[in-house]
Amino acid sequence: MDAVIAGIGATDFSKDSGRSELRLAAEAVRAALEDAGLEPSDVDGLVSFTMDTNAEIAVARELGIPELTFFSRVHYGGGAACATVQQAAMAVETGAAKVVVCYRAFNERSGHRFGQVQTAAAANVDNSWSYPMGLGTPAAMVAMFARRYMHEYGVTSEDFGRIAVIDRKHAATNPHAWFHNRPITLREHQSSRWIAEPLRLLDCCQESDGGVALVVTSADRAGDLPNEPAHVRAATQGSGPGQFTMTSYYRDDLTGLPEMGVVARGLWERSGIGPSDVDVAVLYDHFTPFVLVQLEELGFCGRGEAADFVRTGALELDGSLPLNPHGGQLGEAYLHGMNGIAEGVRQIRGTAVNQVANVDHVLVTAGTGVPTSGLVLGRG
C-alpha cells in the first residue's frame, strides 16, 4: 500500500473533560494536522465511527476545512478503529481524497457510558438473544465467554491478571496515561472486586473522555512533511461465521475469535510478513481475556497456549513481543482503540515514551467479539 499515517494528535485523557465532544474532536484533529505540518485547508477527507456524535461537516466547519471529497463511517464500536485507517488509505490510493483525517472523540465517562445497561439496545436483533438472560453489559457478555475459555484450557483469573499488570506497568511510565505512576501487582488484581465473574474490576478497561486523530496521506506527500511516516503495510476487517455484534454464543466452538482469525490471515497475506516479524503488538484490550485469545488467533501461539506464552515474559518491553507499550486501554485510556494506533506510529518513528528498540513492524488490532479490524504499520 502507498498510504501512510503522517500525523497523530490527541487531547488529554480524563474522566471529566469539561468540554463538548465536538470540541474534543476539533482539538484532536488540529493537533494531528500540526504534527503532520499541514493546515485544515489541506484536508479533503474525514473518517470516523458510526458511534461518534461529531458529524464530518461539523468538524470541517469548526476547523475551517473548506471542501470534502470523501467522508465515511465504520460500524461496530471498537472494531472500527483500524478500519478507519483502511477507509482513509483506500481513499488516498484511489484518488478519492489526498489528505484524510480519521478521528474519534467522546465523553465516555462524564457523558454516555457504554459500559452500562442500555435499555433501548434490547430491541436490537442481536441483543434480544442475550439481554433477557441478564447479559446486558459488555463485561457480562465477555464474562460468559471467559468462563468457557477457562474451563476448556485450564486458564485462571491470575492468567487474566498478568495482562492487566503488564499494561499498568507500561502506563505507569507514560505521562499521558490516566494511570501514570500507578502500577498494580497481581495480588492487587486478585483482590479487586468482581464485575461479572470471572472478570474483576482490573480486567476491565477504563471509561475515558478524550479524542484522537490520525492524518493519512500518500507516501509521496509525506516526503515533504516533518515527521517520519508510518507506512500502512496492510489493513483489514474481519467478520466470522455466526457473527453477533458483541459476543457470539451460537458457534460450535465458543473459545475462539474467528473474526480475528480473518483479520490475521488478511494482514499476513497483504503485508508479506508473519507473526515472527512483529516487533510490537498493540492489541485491543478492553477486557483481559480477549488479549489471550487474540494471541492465539494471530498465530503467536497455539490454541489454549496463550497463558503459558504470557508467563514466559514475552509481552514485557524486553520480551519477544512487547505488548501495549503505552499502557493500552487498561492503562492509558479507552478511546475505542484509536490511541493504540497512535502508539503504533510513535513506535515506528522511534519517539514513544516506552520505545522498543529496532522496530520495523507494529501490529495493531481493534475490537474483539464484534467484527474486528487490524493494521500492520512499517518503516519506509
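The chain is numbered in sequence order, starting from 1.
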(request) Establish whether Val92 and Val43 are linked, either directly or via other cluster members, by ILVMFWY side-chain heavy-atom contacts under 4.5 Å. (result) no
(request) Taking the side chain as every heavy atom from C-beta outward, state whether Trp194 and Leu199 have any atom pair closer than 4.5 Å. (result) no
(message) Quick check: do Val4 and Thr217 have side-chain heavy atoms less than 4.5 Å from each other?
(response) yes
(message) Does Leu214 form a side chain to side chain contact (heavy atoms under 4.5 Å, CB included) with Met338? I'd like the steps, not just the answer.
(response) CA-CA 8 Å; Leu214 316 160; Met338 294 291 277; 3.8 Å; yes
(request) Working to the nearest 0.5 Å, report the span between CG of Leu295 and CG of Leu283. (result) 5.5 Å
(request) Indicate, with yes or no, if Val282 and Val232 share a hydrophobic cluster defined by side-chain heavy-atom contacts under 4.5 Å among Ile, Leu, Val, Met, Phe, Trp and Tyr. (result) yes
(message) Keeping Gln87 on the side-chain end and Val74 on the backbone end, is there a donor-acceptor pair under 3.5 Å?
(response) no
(message) Within the 4.5 Å heavy-atom criterion, are Asn107 and Leu24 side-chain neighbours or not?
(response) yes
(request) On the 0 to 90° scale, with breaks at 30° and 60°, tag the Tyr149-Tyr153 ring pair as parallel, tilted or perpendicular. (result) perpendicular
(request) Report the C-alpha distance between Asp35 and Arg30 in whole Å, list the side-chain angles of each, state the deciding distance to 0.1 Å, and finish with yes or no for salt bridge (charged side-chain N to carboxylate O under 4.0 Å, His left out). (result) CA-CA 9 Å; Asp35 180 66; Arg30 182 171 292 281; over 6 Å; no
(request) Could you tell me whether Asp52 and Arg104 have a side-chain N and a carboxylate O separated by less than 4.0 Å? (result) yes
(message) Name the residue from Val359, Leu317, Leu323 that meets the side-chain contact (heavy atoms from CB on, under 4.5 Å) definition with Val280.
(response) Val359
(message) salt bridge (charged side-chain N to carboxylate O under 4.0 Å, His left out), that's the test. Do Glu62 and Arg23 meet it? Break it down for me.
(response) CA-CA 8 Å; Glu62 292 301 313; Arg23 179 171 173 178; over 6 Å; no
(request) Considering non-hydrogen atoms only, spot the tightest contact between Cys102 and Ala88 and give its length. (result) SG-CB, 3.7 Å
(message) Quick check on the hydrophobic clustering: are Val291 and Leu330 connected, directly or via other members, by side-chain heavy-atom contacts under 4.5 Å?
(response) yes
(message) I'd like to know if the side chain of Asn339 and the backbone of Ala333 have a donor-acceptor N/O pair within less than 3.5 Å.
(response) yes
(message) Tell me if a side-chain donor or acceptor on His170 pairs with a main-chain N or O of Asn324 at a distance below 3.5 Å.
(response) yes
(request) To the nearest 0.5 angstrom, please state how far the OG atom of Ser373 sits from the CD atom of Glu259. (result) 11.5 Å
(request) Could you please spell out the steps behind the side chain to side chain contact (heavy atoms under 4.5 Å, CB included) verdict for Thr245 and His75? (result) CA-CA 10 Å; Thr245 55; His75 295 280; over 6 Å; no
(request) Nearest 0.5 Å please: distance from the CZ atom of Phe290 over to the OH atom of Tyr284. (result) 11.0 Å
(message) If you compare all heavy atoms of Val353 against all heavy atoms of Thr173, which two are closest, and at what distance to 0.1 Å?
(response) CG1-O, 3.0 Å
(request) Drop me the distance from Leu201's CG to Ser192's OG, to the nearest 0.5 angstrom. (result) 5.5 Å
(message) Has Ser248 got a side-chain atom pairing as donor or acceptor with Gly242's backbone, closer than 3.5 angstrom?
(response) yes
(message) On a heavy-atom basis, which atom in Tyr103 and which in Leu46 lie closest, and how many Å separate them?
(response) CE2-CB, 4.1 Å
(message) One pair to check against side chain to side chain contact (heavy atoms under 4.5 Å, CB included): Ile341 and Val85. What are the steps and the verdict?
(response) CA-CA 9 Å; Ile341 302 173; Val85 175; 4.1 Å; yes
(request) Measure up the Phe309 and Phe300 rings against each other and bin them: parallel (under 30°), tilted (30 to 60°), perpendicular (over 60°). (result) parallel
(message) Counting C-beta onward and ignoring hydrogens, is there a side-chain heavy-atom pair between His189 and Glu158 closer than 4.5 Å?
(response) no
(message) Applying salt bridge (charged side-chain N to carboxylate O under 4.0 Å, His left out) to Asp167 and Arg162, what does each step give before you reach the verdict?
(response) CA-CA 9 Å; Asp167 270 357; Arg162 290 185 178 90; over 6 Å; no
(message) Classify the ring geometry of His336 against Phe49: parallel below 30°, tilted from 30° to 60°, perpendicular beyond 60°.
(response) parallel
(message) Could you check whether any side-chain heavy atom of Met150 comes within less than 4.5 Å of a side-chain heavy atom of Phe160, counting everything from C-beta outward?
(response) yes
(request) Compute whether any side-chain donor of one residue and acceptor of the other, for Gln294 and Thr368, lie under 3.5 angstrom apart. (result) no
(message) A side-chain contact here means heavy atoms from C-beta on lying under 4.5 Å apart; do Tyr334 and Glu108 qualify?
(response) yes
(request) May I ask you to decide if Lys15's main-chain N or O and Glu207's side chain share a donor-acceptor pair within less than 3.5 Å? (result) no
(message) Taking Arg193's backbone N and O only, do any of them form a donor-acceptor pair with Arg200's side chain (distance below 3.5 Å, no angle check)?
(response) no
(request) For residues Gln206 and Gln329, determine if any side-chain heavy atom of one lies less than 4.5 Å from a side-chain heavy atom of the other. (result) no
(request) Identify the two heavy atoms, one from Gly378 and one from Arg233, that lie closest to each other, and give their separation to 0.1 Å. (result) N-CG, 3.8 Å
(message) Hydrophobic clusters here meaning ILVMFWY residues chained together by side-chain heavy-atom distances under 4.5 Å, can you tell me if Phe287 and Phe145 are in one?
(response) yes
(message) Once rounded to the nearest 0.5 Å, what's the spacing between atom CZ of Arg346 and atom CD1 of Ile348?
(response) 12.5 Å
(request) Give a yes or no answer on whether the side chain of Glu305 reaches the backbone of Gly302 with a donor-acceptor pair at less than 3.5 Å. (result) yes
(request) Would you check, one step at a time, whether the test salt bridge (charged side-chain N to carboxylate O under 4.0 Å, His left out) holds for Arg265 with Glu269? (result) CA-CA 6 Å; Arg265 292 193 299 273; Glu269 178 181 351; over 6 Å; no
(message) Restricting to non-hydrogen atoms, name the atom on Asp279 and the atom on Pro322 that form the minimum distance, rounded to 0.1 Å.
(response) O-CD, 3.1 Å
(message) Between Asn174 and His326 (side chain of the first, backbone of the second, donor and acceptor by atom type, cut-off under 3.5 Å), is there such a pair?
(response) yes
(message) Less than 4.0 angstrom from a charged side-chain N to a carboxylate O is my criterion; do Arg148 and Asp253 meet it?
(response) no
(message) Checking the side chain of Asp209 only, and the main-chain atoms of Ser17 only, is there a donor and an acceptor separated by less than 3.5 Å?
(response) yes
(request) Could you tell me whether the side chain of Val356 reaches within less than 4.5 Å of the side chain of Gln347, counting heavy atoms only? (result) yes
(request) Heavy atoms only: give me the nearest Val278-Leu321 pair and the separation to one decimal. (result) CG1-CD1, 3.8 Å
(request) Give a yes or no answer on whether the side chain of Asp277 reaches the backbone of Gly274 with a donor-acceptor pair at less than 3.5 Å. (result) yes
(message) Same cluster or not: Val101 versus Phe106, using hydrophobic residues (I, L, V, M, F, W, Y) connected whenever any side-chain heavy atoms lie under 4.5 Å apart?
(response) no
(request) Decide yes or no on side chain to side chain donor-acceptor pair (under 3.5 Å) for Asp220 and Ser218, but give the supporting numbers first. (result) CA-CA 5 Å; Asp220 285 345; Ser218 67; 5.4 Å; no
(request) Only one of Phe13, Trp178, Phe179 passes side-chain contact (heavy atoms from CB on, under 4.5 Å) with Glu332; say which it is. (result) Phe13
(message) Using the rule given for side chain to side chain contact (heavy atoms under 4.5 Å, CB included), can you reason through Leu33 versus Asp42, listing the C-alpha separation, both sets of side-chain angles and the distance that settles it, and then say yes or no?
(response) CA-CA 9 Å; Leu33 289 172; Asp42 295 309; 6.0 Å; no
(message) For the OG1 atom of Thr372 and the CD atom of Gln243, what is their distance to the nearest 0.5 Å?
(response) 7.5 Å
